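Notes to accompany the following structure.
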Amino acid sequence: MRFLILSDIHGNIDALDAVLARSPPESYDRLLVLGDLVGYCANPNEVVERIFQLEPDVVIRGNHDKFSAGVTEPDDFRRVAAEAARWTHRALTPENRERVAALPAGPKRVNREIEVCHGAPSDEDTYIADEEDAMRAFEASRRPICFFGHTHVPVAYVQRGSDVAATHPIPGGPDTTVIDVDKKWRYLVNPGSVGQPRDTDSRASYAVYDSRKPSIELRRVPYRIDLAQQRITEVGLPESLAFRLGLGR
Ligand code: ZN
(Lines give C-alpha, C1' and ligand atoms only; values in the text may rest on other atoms or scores of the structure.)
Protein backbone atom coordinates (compact mmCIF):
# COMPACT_ATOMS: atom_id res chain seq x y z
CA MET A 1 0.00 0.00 0.00
CA ARG A 2 1.33 3.44 -0.98
CA PHE A 3 0.32 6.49 1.04
CA LEU A 4 0.67 10.11 -0.07
CA ILE A 5 1.01 12.34 2.99
CA LEU A 6 0.39 16.10 2.71
CA SER A 7 0.44 18.73 5.45
CA ASP A 8 0.26 22.50 5.85
CA ILE A 9 -0.81 23.39 2.32
CA HIS A 10 -2.01 26.81 3.55
CA GLY A 11 -3.94 27.91 0.46
CA ASN A 12 -0.92 27.57 -1.84
CA ILE A 13 -2.43 26.02 -4.98
CA ASP A 14 0.78 26.43 -7.03
CA ALA A 15 2.72 24.31 -4.54
CA LEU A 16 -0.09 21.74 -4.22
CA ASP A 17 -0.41 21.32 -7.99
CA ALA A 18 3.36 20.85 -8.35
CA VAL A 19 3.22 18.09 -5.73
CA LEU A 20 0.26 16.40 -7.44
CA ALA A 21 2.03 16.59 -10.82
CA ARG A 22 5.02 14.77 -9.31
CA SER A 23 2.81 12.31 -7.37
CA PRO A 24 -0.44 11.93 -9.36
CA PRO A 25 -3.36 9.79 -8.08
CA GLU A 26 -2.18 6.69 -9.99
CA SER A 27 1.10 6.75 -8.02
CA TYR A 28 -0.51 6.11 -4.62
CA ASP A 29 -3.39 4.16 -3.02
CA ARG A 30 -4.34 6.34 -0.06
CA LEU A 31 -4.17 10.06 0.65
CA LEU A 32 -3.64 11.40 4.18
CA VAL A 33 -3.93 15.15 4.85
CA LEU A 34 -2.63 16.41 8.20
CA GLY A 35 -4.38 19.78 8.41
CA ASP A 36 -3.88 23.48 7.70
CA LEU A 37 -5.38 23.36 4.24
CA VAL A 38 -5.85 27.13 4.41
CA GLY A 39 -4.35 30.31 5.90
CA TYR A 40 -1.33 32.40 4.69
CA CYS A 41 -1.63 32.02 0.89
CA ALA A 42 -4.16 33.36 -1.61
CA ASN A 43 -6.07 30.31 -2.91
CA PRO A 44 -7.93 28.65 -0.03
CA ASN A 45 -11.00 27.71 -2.12
CA GLU A 46 -8.93 26.07 -4.85
CA VAL A 47 -6.96 24.04 -2.28
CA VAL A 48 -10.07 22.88 -0.39
CA GLU A 49 -11.77 21.89 -3.64
CA ARG A 50 -8.69 20.08 -5.01
CA ILE A 51 -8.22 18.09 -1.80
CA PHE A 52 -11.89 17.04 -1.59
CA GLN A 53 -11.85 16.06 -5.30
CA LEU A 54 -9.02 13.65 -4.48
CA GLU A 55 -11.22 11.95 -1.81
CA PRO A 56 -8.61 11.62 0.93
CA ASP A 57 -8.89 8.63 3.25
CA VAL A 58 -8.17 10.85 6.20
CA VAL A 59 -8.14 14.62 6.47
CA ILE A 60 -7.90 16.34 9.85
CA ARG A 61 -7.95 20.01 10.81
CA GLY A 62 -5.08 22.30 11.77
CA ASN A 63 -5.11 25.44 13.90
CA HIS A 64 -5.41 27.72 10.83
CA ASP A 65 -8.39 25.70 9.58
CA LYS A 66 -10.14 26.21 12.91
CA PHE A 67 -9.57 29.97 12.92
CA SER A 68 -10.24 30.52 9.22
CA ALA A 69 -13.52 28.61 9.38
CA GLY A 70 -14.59 30.48 12.52
CA VAL A 71 -14.51 27.41 14.80
CA THR A 72 -12.34 29.31 17.32
CA GLU A 73 -10.95 32.86 17.70
CA PRO A 74 -7.32 33.46 16.68
CA ASP A 75 -6.40 34.82 20.14
CA ASP A 76 -2.90 33.42 20.36
CA PHE A 77 -2.05 34.12 16.72
CA ARG A 78 0.61 36.61 15.74
CA ARG A 79 -0.66 39.69 13.94
CA VAL A 80 0.14 38.53 10.39
CA ALA A 81 -1.27 35.03 10.97
CA ALA A 82 -4.46 36.49 12.46
CA GLU A 83 -4.79 38.89 9.53
CA ALA A 84 -4.41 35.99 7.10
CA ALA A 85 -6.99 33.93 9.03
CA ARG A 86 -9.50 36.81 8.86
CA TRP A 87 -8.82 37.29 5.14
CA THR A 88 -9.26 33.52 4.55
CA HIS A 89 -12.54 33.53 6.50
CA ARG A 90 -13.90 36.18 4.14
CA ALA A 91 -12.44 34.57 1.01
CA LEU A 92 -13.82 31.06 1.59
CA THR A 93 -17.16 30.33 -0.05
CA PRO A 94 -19.90 29.38 2.45
CA GLU A 95 -19.70 25.78 1.22
CA ASN A 96 -15.93 25.55 1.62
CA ARG A 97 -16.05 27.29 4.99
CA GLU A 98 -18.48 24.61 6.14
CA ARG A 99 -16.24 21.83 4.82
CA VAL A 100 -13.23 23.26 6.68
CA ALA A 101 -15.27 23.82 9.86
CA ALA A 102 -16.38 20.18 9.76
CA LEU A 103 -12.84 18.74 9.57
CA PRO A 104 -12.23 16.45 12.56
CA ALA A 105 -9.50 16.96 15.16
CA GLY A 106 -6.55 14.58 15.29
CA PRO A 107 -5.18 12.18 16.23
CA LYS A 108 -6.88 9.79 13.80
CA ARG A 109 -6.06 6.10 13.49
CA VAL A 110 -5.63 5.21 9.81
CA ASN A 111 -5.05 1.48 10.23
CA ARG A 112 -3.24 -0.85 12.63
CA GLU A 113 0.11 0.65 11.69
CA ILE A 114 -0.50 4.36 11.13
CA GLU A 115 -2.02 7.32 12.91
CA VAL A 116 -1.99 11.01 11.97
CA CYS A 117 -2.20 14.25 13.93
CA HIS A 118 -1.68 17.94 13.17
CA GLY A 119 0.52 18.96 16.11
CA ALA A 120 1.10 15.99 18.42
CA PRO A 121 -0.74 12.75 19.29
CA SER A 122 -1.63 14.16 22.73
CA ASP A 123 -2.90 17.53 21.48
CA GLU A 124 -3.61 18.91 18.00
CA ASP A 125 -2.05 22.34 18.72
CA THR A 126 1.19 21.19 20.41
CA TYR A 127 4.47 21.48 18.46
CA ILE A 128 6.95 18.61 18.22
CA ALA A 129 10.17 20.59 17.75
CA ASP A 130 12.97 18.35 19.06
CA GLU A 131 13.92 14.90 20.35
CA GLU A 132 12.53 15.65 23.82
CA ASP A 133 9.11 16.56 22.37
CA ALA A 134 9.34 13.48 20.16
CA MET A 135 9.97 11.27 23.21
CA ARG A 136 6.74 12.52 24.81
CA ALA A 137 4.89 12.10 21.52
CA PHE A 138 6.04 8.47 21.22
CA GLU A 139 4.54 7.85 24.67
CA ALA A 140 1.19 9.30 23.59
CA SER A 141 1.15 7.63 20.17
CA ARG A 142 -0.86 4.42 19.77
CA ARG A 143 0.65 3.20 16.49
CA PRO A 144 4.14 2.24 15.21
CA ILE A 145 4.05 5.08 12.68
CA CYS A 146 2.66 8.54 13.41
CA PHE A 147 2.65 11.33 10.83
CA PHE A 148 2.41 14.88 12.16
CA GLY A 149 2.66 18.44 10.82
CA HIS A 150 2.34 21.96 12.29
CA THR A 151 6.07 22.90 12.45
CA HIS A 152 6.50 23.07 8.63
CA VAL A 153 9.88 21.32 9.05
CA PRO A 154 10.37 17.85 7.55
CA VAL A 155 11.94 15.36 9.95
CA ALA A 156 11.84 11.67 10.85
CA TYR A 157 12.25 10.61 14.49
CA VAL A 158 13.03 6.95 15.06
CA GLN A 159 12.64 5.31 18.47
CA ARG A 160 14.88 2.30 19.05
CA GLY A 161 14.28 1.07 22.59
CA SER A 162 14.82 4.10 24.82
CA ASP A 163 16.82 5.98 22.15
CA VAL A 164 15.30 8.61 19.84
CA ALA A 165 17.24 9.80 16.77
CA ALA A 166 16.23 12.44 14.22
CA THR A 167 16.87 12.51 10.47
CA HIS A 168 16.60 15.96 8.90
CA PRO A 169 16.73 16.21 5.11
CA ILE A 170 19.48 18.61 3.99
CA PRO A 171 17.93 21.96 2.90
CA GLY A 172 18.59 22.38 -0.81
CA GLY A 173 19.79 18.77 -0.98
CA PRO A 174 18.46 15.81 -2.99
CA ASP A 175 14.75 15.85 -3.83
CA THR A 176 14.22 12.55 -1.96
CA THR A 177 15.37 11.43 1.49
CA VAL A 178 14.62 7.75 2.14
CA ILE A 179 13.85 6.48 5.65
CA ASP A 180 13.88 2.67 5.74
CA VAL A 181 11.18 1.34 8.06
CA ASP A 182 12.14 -1.50 10.40
CA LYS A 183 9.04 -3.07 11.94
CA LYS A 184 10.93 -3.43 15.25
CA TRP A 185 11.12 0.35 15.76
CA ARG A 186 8.66 3.25 15.94
CA TYR A 187 8.48 6.29 13.67
CA LEU A 188 7.26 9.86 14.11
CA VAL A 189 7.47 11.64 10.79
CA ASN A 190 6.70 15.18 9.63
CA PRO A 191 6.34 15.42 5.83
CA GLY A 192 7.11 19.16 6.01
CA SER A 193 4.86 21.82 4.54
CA VAL A 194 3.50 21.82 1.00
CA GLY A 195 2.60 25.50 0.98
CA GLN A 196 4.97 27.32 3.36
CA PRO A 197 8.18 25.36 4.11
CA ARG A 198 10.28 26.71 7.01
CA ASP A 199 13.51 24.73 6.91
CA THR A 200 15.22 27.29 4.62
CA ASP A 201 14.38 25.12 1.58
CA SER A 202 11.69 26.87 -0.45
CA ARG A 203 10.63 23.75 -2.37
CA ALA A 204 7.24 22.18 -1.53
CA SER A 205 7.68 19.32 0.96
CA TYR A 206 5.65 16.11 1.39
CA ALA A 207 6.01 12.38 2.06
CA VAL A 208 5.24 9.01 0.52
CA TYR A 209 5.04 5.82 2.57
CA ASP A 210 5.22 2.48 0.79
CA SER A 211 4.29 -0.25 3.26
CA ARG A 212 5.57 -3.03 0.98
CA LYS A 213 9.20 -1.88 0.84
CA PRO A 214 8.77 -0.62 3.60
CA SER A 215 10.13 2.91 3.44
CA ILE A 216 9.11 6.52 3.90
CA GLU A 217 10.33 9.10 1.39
CA LEU A 218 10.55 12.78 2.32
CA ARG A 219 10.28 14.59 -1.00
CA ARG A 220 10.86 18.12 -2.34
CA VAL A 221 9.39 19.64 -5.46
CA PRO A 222 10.13 23.07 -6.95
CA TYR A 223 7.10 25.15 -7.88
CA ARG A 224 6.27 28.60 -9.27
CA ILE A 225 6.95 30.58 -6.10
CA ASP A 226 6.74 33.79 -8.13
CA LEU A 227 3.10 33.04 -9.02
CA ALA A 228 2.14 32.24 -5.42
CA GLN A 229 3.84 35.48 -4.30
CA GLN A 230 2.08 37.51 -6.98
CA ARG A 231 -1.32 36.15 -5.92
CA ILE A 232 -0.62 37.01 -2.25
CA THR A 233 0.25 40.58 -3.22
CA GLU A 234 -2.72 40.93 -5.56
CA VAL A 235 -5.34 39.99 -2.95
CA GLY A 236 -3.80 42.34 -0.38
CA LEU A 237 -2.45 39.77 2.10
CA PRO A 238 0.64 40.95 4.07
CA GLU A 239 3.75 41.30 1.88
CA SER A 240 5.81 39.33 4.42
CA LEU A 241 3.80 36.20 3.55
CA ALA A 242 4.96 36.46 -0.06
CA PHE A 243 8.55 37.22 0.95
CA ARG A 244 8.94 34.24 3.29
CA LEU A 245 7.93 31.76 0.56
CA GLY A 246 11.10 32.70 -1.31
CA LEU A 247 13.24 32.18 1.78
CA GLY A 248 11.58 28.94 2.83
CA ARG A 249 11.02 30.14 6.37
ZN1 ZN B 1 0.63 25.24 9.42
Side-chain angles (χ1 to χ4, degrees), residues 5-16 19 32-48 50-51 56 58-89 91-92 96 99-101 103-108 116-121 123-129 133 137 146-155 188-207 218 220 223 225 228 232 237-238 240-249:
I5 303 119
L6 308 180
S7 191
D8 297 279
I9 304 164
H10 283 290
N12 189 337
I13 193 67
D14 301 291
L16 176 59
V19 166
L32 312 177
V33 184
L34 315 185
D36 278 0
L37 276 65
V38 302
Y40 291 135
C41 298
N43 294 82
N45 287 302
E46 290 82 349
V47 166
V48 171
R50 189 82 85 250
I51 289 298
V58 175
V59 47
I60 53 174
R61 69 186 187 186
N63 48 331
H64 286 258
D65 299 323
K66 281 193 283 185
F67 298 135
S68 301
V71 176
T72 44
E73 282 297 311
D75 295 332
D76 58 347
F77 264 31
R78 290 180 192 201
R79 189 183 57 79
V80 168
E83 197 177 327
R86 281 192 293 272
W87 179 88
T88 303
H89 184 75
L92 283 169
N96 287 334
R99 282 162 142 179
V100 175
L103 293 174
K108 278 268 168 218
V116 299
C117 58
H118 183 65
D123 173 66
E124 60 178 343
D125 294 332
T126 294
Y127 290 91
I128 300 172
D133 295 341
C146 174
F147 292 103
F148 70 100
H150 201 30
T151 65
H152 297 210
V153 174
V155 61
L188 190 60
V189 177
N190 189 327
S193 168
V194 172
Q196 195 200 72
R198 293 183 192 160
D199 62 336
T200 73
D201 188 331
S202 59
R203 294 174 295 177
S205 186
Y206 70 105
L218 297 172
R220 303 308 283 245
Y223 73 97
I225 294 173
I232 286 170
L237 277 162
S240 60
L241 293 175
F243 188 65
R244 68 185 299 176
L245 290 183
L247 301 175
R249 55 184 315 162

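Each residue takes its place number in the sequence, starting with 1. Order of appearance sets the numbers: ligands from 1, and atoms from 1 within every ligand. Everything numeric in this text was worked out from a predicted model, so none of it was measured.
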For side-chain contact (heavy atoms from CB on, under 4.5 Å), just list the numbers for Leu16 and Glu46, CA-CA rounded to whole Å, side-chain angles, deciding distance to a tenth of an Å, and then say yes or no. CA-CA 10 Å; Leu16 176 59; Glu46 290 82 349; over 6 Å; no

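Side chains of Asn96 and Asn45: a donor on one and an acceptor on the other come within 3.5 Å.
Ring planes of His10 and His64: perpendicular class, angle over 60° (limits at 30 and 60°). Below 30°, between 30° and 60°, or above 60°: for His150 and Tyr127 the angle between ring planes is below 30°, a parallel geometry.
For a distance threshold of 2.8 Å, the protein N, O or S atoms nearer than that to the Zn ion (ligand 1), listed by chain and number, are Asp8 OD1, His10 NE2, Asp36 OD2, His152 NE2.
Rounding to the nearest 0.5 Å places OG of Ser202 at 12.5 Å from CZ of Arg249.
Judged by distance alone, the side chain of His152 and the main-chain N or O of Pro197 form no donor-acceptor pair under 3.5 Å.
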